[in-house]
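One structure below.
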Amino acid sequence: MERDPEPQAERVGASAIATDADLGPDLPTADADGAETSTRWSRTADRVSGRVRSTGPVGRAFEAFLAYAALSGVLFVRGVFAHFSSWCISGCRQDTMVYLWSFRWMPFALGNGLNPLFTTHYVWAPGGVNLVWVTTLPGPSFVLTPVTLIWGALASDNLILWLAPALAGWACYLLCNQITSRFGPAFAGGAIFGFSSYVGHHMRGHVNLLLMFCVPIAVYLVVRRVRGRLGSRAFVVLLALTLLGQFSISTEIFVTMTLFGGAALLLALAFASKDVRRDLLATTLLIGFAYLIVFVIVSPYVLEVIRNRPPGSVRPLEANSTDPLSYVLPRSPTWLGAGALRQITSRSLERASDDTAYVGPVLLLLVALFAWFGRRSRWTWMLLAFILVPVVFSFGPTLHVGGRGGIAMPGAALARAPVISSAFPERFPLFAWLGIAVIVALFLAQAPGLSLWRWAVVLLGAVTLAVALPSPPYRTELRVPAFFADGTYQQYLHQGETDLLLPTHVGDEMLWQEAAGFWFRQSRGYVGDAHRLGLSDRGPGIATVGDSYDVATPPISRFLRYLQQQDVATVILRAPAPRAWDDLFARLGTYGITIGGVTLYRAPPGGWPPSTR
C-alpha cells in the first residue's frame, strides 16, 4: 500500500494529471468541467472525500476491497451464501469438476507424500497423466487447503469466484490511485477492471483466468519504483513474489503478462523523456533480477511444461480469437443488447461465452474523449498504444470480421512459437482492459471537482458491461450420487483399485473421485483439452456427444481389451444403466448392482475373461 500522498504538489491538479517525472500523462482538462456542478453535489462530494482521506491509504484500500467484494456478492453470489458448500455459483460445469478435483488433490497428495504438481497415477491409471498442462491451480489449492478440508472443495471454488473480481478491482485501484492520488477516480478504474466483460464472461467458472490480480499489482510495483517510492531490494522481492503468485495460478497468464509487460516497457521507453527513460532502464534491470529469481525457483516445473507440451496449439486459434466487432457489439451473456444483435454477432468464429472483448460504444467514446483532451501528452499516446497491442494480437493469426476474412496478423508469430502457441488470443483483452481502467481513472481525475457528466459516462459504460444472470445458469446445486457422498463406496470398492467411471456428463468422473477422497484410482478422466489427443488412444472406445458421454455401448472386443490392459476392477455408471450395458456385462460374466444412484459392474472373481462369450 502506498503512503499518504504528502505534498499538495504531488496531487493531481486541475491542469495536469501528472508530469513526465511522475510517469503519468500531463493532460489538459475541459475549462467548464466542474463549474456547473451544483453546490449541493459539491458539498456532498467534499464530505465523502474528507471521510475517505481521513482513513489513510491502507484504510482507503481496505474500503475499496470491501466495496468490490460486496458488489461481487450482489452480482454473482446472491442466493449461494447459505449453500456455499453445495451450490455452484457459476453453474456446475465440466471445468468446475477439474477445479474441485484439484482443490482436493493438493491436501491429499501432500498428506500421502505424493508430488502434487507433476504426474499422478490416480487419473488415467496405471500410466497416469502429467498435471503441468492441467489447470490444477497449485498456488490457490495450497492456500485454500484449510477451507477445502473443513468446508469442502466447492467452498474453495466459490470463495475464489466471489473474491476474484474484488481482488482484481482492488489491485487495479492501487495502480490507479498511485497514478492519480484520488480515491474516487481510482475506485472507478478498479471497478471497470474488476467487473469488465473479461471477468463477467469468465464468471461461468474459469477460476484460473479470474485470478489475475497479480497483473495490475506488478504494474503498480513498477510505477512505484520508477517514481522512487519503493526501494530496489523491496521492489525485486515484491515483484518476484507477485510473479511467483501468478505462475502458481496460471502459467498462461504468467507468459502473456510477461509478453505484454515487455511491450509496455518498450512503449514507455519510446515515449518517455530522458530523465524518466533513465529511471525506466534502471527499473528494467531490477525486473530482470526478479524474473531470474522466479525462473530459478520454477525451473523444474518449466522443464516439465516444455517436456510434456502438446504438439501445436491445444485448440484451433482461429476459433479462439477475437472478432473486431466484439469490441463494439455485445454478445451473450451481456445484459444490454446481446439478444437484439445476435444475428450479427453469431457469425463470429469465437464462442459467445469466451468473448471477453466487449468494451461497448460508451467506453470507446470515453477513450476517444481522453485521447482528445490529452492529445498533447506523450503518455496519452503511450497508453493508447499499450491498449492497441493486445487488441491486435487478440485477433489471432488471421483477422476475421463477422466470421469472414483471411488477413494475416502479427498473432501468426505467436501461433508458431513453442508453449505460447497454446495461449488463446481471446484472452488477451485482459491487458487492454487494464489500460482502459487506467484511462477511466485519469479521465475522471482530469476534472478539478465533481464532474457529473464524466461520472455519468463512466457509470453508463459500467452498466453496459453487466452480464445477465442467470444466463448461462448460475447458482445451481452440485449433485453427487449418494454412493460417493455418504461413504457407501467403501463397502463395495477396495481402496487403491482402478475403476472405470462413466457418468452422464463429461467431468463428473473427477467429481466422483474427489467426493470419495481418492479412495480409488480411475482408468480415465477429464483433464482438459491439453491431453485430449494424446490420451484418446488409451480410452475404452466410449464416444462423447457435446459435454455428455454416449450411452451406447462400445465395441465389446475393444472394451474387454481395455478392461484387461488397464486392470479395471469395477465399471461405474450413473443409475439406471441402459439395458444394453447389462447385456454387455452378462457376456463378460458379471451383473450390475444398483445402489446410491450408480450401477456397479465388478470384475468376476477370476478377473475379466480372455474373450467374450
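Throughout, numbering of the chain's residues begins at 1 and tracks the sequence. Model, not experiment: these values are computed from the prediction.
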Among residues two or more places apart or on two chains, list those pairs meeting side chain to side chain donor-acceptor pair (under 3.5 Å) that have a residue in residues 434-444.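 Sorted pair list comes back empty.
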Sorted by first residue and then second, give each salt bridge (Lys or Arg N to Asp or Glu O under 4.0 Å) pair with at least one member in [range]; sequence neighbours left out.
range	value
residues 294-308	Glu304-Arg307
residues 292-303	none
residues 251-273	Glu252-Arg427

Contacts of Arg278 that satisfy salt bridge (charged side-chain N to carboxylate O under 4.0 Å, His left out) - sequence neighbours left out: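 Checked Arg278 against salt bridge (charged side-chain N to carboxylate O under 4.0 Å, His left out); matches are Asp275.
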Donor on one side chain, acceptor on other, Thr258 and Tyr291, under 3.5 Å: yes
Pair Val367, Val359 - check side-chain contact (heavy atoms from CB on, under 4.5 Å), show working. CA-CA 10 Å; Val367 172; Val359 177; 5.8 Å; no
Is there a donor-acceptor contact under 3.5 Å from the side chain of [X] to the main chain of [Y]?
X	Y	result
Arg182	Ala445	yes
Arg225	Leu230	yes
Ser72	Ala69	no
Arg229	Arg224	no

Show your reasoning for whether side-chain contact (heavy atoms from CB on, under 4.5 Å) applies to Phe76 and Leu161. CA-CA 8 Å; Phe76 305 121; Leu161 288 170; over 6 Å; no
Examine [X] together with [Y] and report whether their ring centres are nearer than 6.0 Å.
X	Y	value
Phe247	Phe254	yes
Phe370	Trp379	no
Phe187	Tyr68	yes

So among Phe183, Phe213, Phe193, which one has a ring pair (Phe, Tyr, Trp, His ring centres under 6.0 Å) with Tyr173? Phe183
Identify, with sequence neighbours excluded, every residue that meets ring-ring contact (aromatic ring centres under 6.0 Å, His included) alongside Trp162.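 In terms of ring-ring contact (aromatic ring centres under 6.0 Å, His included), with neighbours along the sequence ignored, Trp162 is linked to Phe81.
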